[in-house]
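Worksheet: the structure to be examined is printed underneath.
Each chain gets a letter, A, B and so on, in the order its sequence line appears, and its residues count up from 1. All of these numbers come straight from a predicted model, not from anything done at the bench.
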Protein chains: 2
Amino acid sequence: MTKSENGDAVDRILEQWARERPDLDVSPMGLIGRLGRCAALLEHRLDVVFQQYGLSAWEFDMLATLRRAGAPYRLAPTELFSTMMVTSGTMTHRLKVLEGKGWIVREACSQDARSTLVRLSDAGFALIERAVEAHVANEHAILSALPARSVEALQKRLAELLAALEPENH
Amino acid sequence: MTKSENGDAVDRILEQWARERPDLDVSPMGLIGRLGRCAALLEHRLDVVFQQYGLSAWEFDMLATLRRAGAPYRLAPTELFSTMMVTSGTMTHRLKVLEGKGWIVREACSQDARSTLVRLSDAGFALIERAVEAHVANEHAILSALPARSVEALQKRLAELLAALEPENH
DNA sequence: AAATGTTATCTTGAATTCAAGCTAAATGCG
DNA sequence: CGCATTTAGCTTGAATTCAAGATAACATTT
């Protein structure tokens with residue numbers, strides 16, 4: 001058995017760099033490369049369930065954000081795009097699409113005439129209520145491929161890394 | 001508004017779900033949410049260095065893939081887009097851009113007239129040679145925020161997860 | 001050799017995103 | 001009050017991506 005058949009795609013990249021640039025210590029690529037690849041593959045796996053409910057990932061995310069905010073399931077666009085790490089222009093587009101599909105409604109804000117609040121419609125509420133159940137079940141299924149102890153360990157280490165990366169910490 | 005309590009952005013999401021949907025065990029969101037967020041933040045951090053060399057992330061990735069393949073730094077488009085997880089249409093566009101910038105050249109394939117191979121130009125080679133050094137240094141700097149043992153542990157757990165997620169394994 | 005199927009690549013059109021800049025409303029300050 | 005500044009949201013244009021399908025070359029079978 002050769003080395004390259006044992007490891008994953010990232011191992012193969014590390015081997016190539018070791019051969020071509022032995023002067024560089026490319027070991028951080030192991031962690032960062034795998035993390036990126038895991039994220040991409042997970043995204044794909046989650047999309048499968050979203051599509052079963054006629055949702056894209058960002059549509060699920062929008063409805064879920066409004067849903068978990070609690071009654072009356074209403075937030076300002078600014079709050080939405082700042083928590084979701086997208087620009088205001090992206091949010092304008094998303095709101096138009098969701099309103100067109102009847103999952104949200106827009107309401108004037110009594111405190112601030114500049115702001116038109118966003119609220120889950122009954123249809124949007126009913127949809128996300130079912131979709132989030134399937135989504136959570138999907139996540140459980142995906143992680144069941146690993147022993148519970150590995151999941152817990154990974155979870156702890158990622159929390160550490162996230163703390164080190166969060167914008168306010170540097 | 002963000003600094004406040006103990007816990008990160010993902011903890012706040014978990015708390016909201018626990019309040020709104022106590023019937024669901026949303027614990028997998030802890031791992032999957034943090035992983036996604038780490039990936040997004042890391043992407044941003046890596047971009048900083050890419051931009052210093054006039055590169056976008058995908059441009060760096062393309063040049064790096066050709067570079068680490070070894071002399072004569074030449075690959076077929078199919079090999080490129082399959083290892084990089086993008087479609088053939090995306091690859092066509094990328095090749096046009098890189099060719100326009102003079103970092104790659106295209107050459108007919110003697111074995112297969114359908115294929116026009118892609119090769120690093122001298123300029124492309126010189127650029128990626130410097131950029132990869134800065135990139136690796138950047139990755140070292142980012143991970144230096146964590147103790148070496150944490151990095152090693154995280155790396156091992158991610159390799160486990162990646163093995164469970166790789167397409168051929170399910 | 002002709003027919004059939006497969007492979008490599010490109011084209012097209014739509015979706016999604018961001019950066020930059022715009023308008024309107026709220027707020028602060030003299 | 002009157003003017004400057006900030007904030008909320010939207011508009012525009014460009015970049016990036018993919019899905020679907022077109023094209024051309026290769027491979028296999030008849």
Query raised in the report: Is the shortest side-chain N to carboxylate O distance from B/R37 to B/D8 below 4.0 Å?
Result: no

Report task. Using a strict 4.0 Å threshold on nitrogen-to-oxygen distance, state whether A/R94 and A/D61 make a salt bridge. Result -> no

Requested in this report: Looking at every strand, decide which applies to A/S115 at a 4.0 Å heavy-atom threshold: base, sugar-phosphate, or nothing.
Outcome: sugar-phosphate

Report task. Pick base, sugar-phosphate or nothing for B/T90, based on heavy-atom distances below 4.0 Å to the nucleic acid. Result -> base

[X] [atom1] to [N] [atom2], straight-line distance once rounded to whole Å:
X     : N      : atom1 : atom2 : result
B/M85 : D/dC18 : CE    : C1'   : 14 Å
A/M84 : C/dT16 : CE    : P     : 13 Å
B/M91 : D/dA20 : CE    : P     : 20 Å
B/E43 : D/dT16 : CD    : C1'   : 12 Å
B/L80 : C/dC10 : CG    : C1'   : 15 Å
B/F81 : D/dT17 : CZ    : C1'   : 14 Å
A/M62 : C/dT17 : CE    : P     : 10 Å
A/D47 : C/dA15 : CG    : P     : 16 Å

Protein-nucleic acid N or O pairs under 3.5 Å, nucleotides 20-25 of chain C:
residue	atom	partner	partner atom	Å
C/dA25	N3	A/R114	NH1	3.4

Query raised in the report: In a check of side chain to side chain contact (heavy atoms under 4.5 Å, CB included) between A/E59 and each of A/F50, A/Y53, A/W103, which one passes?
Result: A/W103

Query raised in the report: Under the criterion side chain to side chain contact (heavy atoms under 4.5 Å, CB included), which of B/V118, B/L66, B/L120 is the partner of B/L75?
Result: B/L66

Query raised in the report: After noting the C-alpha distance and the side-chain angles of A/R149 and A/E152, does the key distance pass the salt bridge (charged side-chain N to carboxylate O under 4.0 Å, His left out) rule?
Result: CA-CA 5 Å; A/R149 206 187 312 152; A/E152 189 50 37; over 6 Å; no

Requested in this report: Say whether B/L158 and B/M85 are linked into one hydrophobic cluster, either directly or through other cluster members, by side-chain heavy-atom distances under 4.5 angstrom.
Outcome: no

Between [options], spot the one nearest the side chain of [X], thanks.
X     : options                : value
A/V86 : C/dC10, C/dC18, D/dT16 : C/dC18
B/H93 : D/dT16, C/dT17, C/dA19 : D/dT16
B/T92 : D/dC10, D/dT16, C/dC10 : C/dC10
B/L95 : C/dC10, D/dT16, D/dC10 : C/dC10

Query - Contact under 4.0 Å: A/K96 side-chain N or O vs D/dT11 OP1/OP2 - result: yes

Query raised in the report: Looking only at side-chain N and O atoms, does B/R94 come under 4.0 Å of OP1 or OP2 in C/dC10?
Result: no

Query raised in the report: Hey, does the side chain of B/T90 reach the backbone of B/V86 with a donor-acceptor pair shorter than 3.5 angstrom?
Result: no

